Amino acid sequence: MTRRTLEGTSRKRKRVSGFRVRMRCHTGRRVIRSRRKRGRARLAV
């Protein structure tokens, strides 16, 4: 059985896939943009 990847502390989750981390690079901004376009309630963790 494979484990879920983001199990663990909330600090780790924020550092990996938080909003500020996403906005740091071009591909992260693309992720946020596509989630906005899709109408997600939560853009990042």
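Side chains included, hydrogens not; waters and symmetry mates left out as well; all remaining heavy atoms used. Because the structure is a prediction, the values reported are computed rather than measured.
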Legend entry - Check: R35 side chain, A44 main-chain N or O, donor-acceptor pair, under 3.5 Å: no
Inset, instruction - For residues S34 and R38, determine if any side-chain heavy atom of one lies less than 4.5 Å from a side-chain heavy atom of the other. - result: no
Legend entry - R29 side chain near R22 side chain, heavy-atom distance below 4.5 Å: no
Inset, instruction - Treat each ILVMFWY residue as a node, draw an edge where side-chain heavy atoms are under 4.5 Å apart, and state whether V21 and V31 are in one component. - result: no
Inset, instruction - Rounded to the nearest 0.5 Å, what's the gap from CZ on R40 to CD1 on I32? Could you check? - result: 11.0 Å
Legend entry - Spatial distance of atom CE (M23) from atom CG (L43) [nearest 0.5 Å]: 9.5 Å
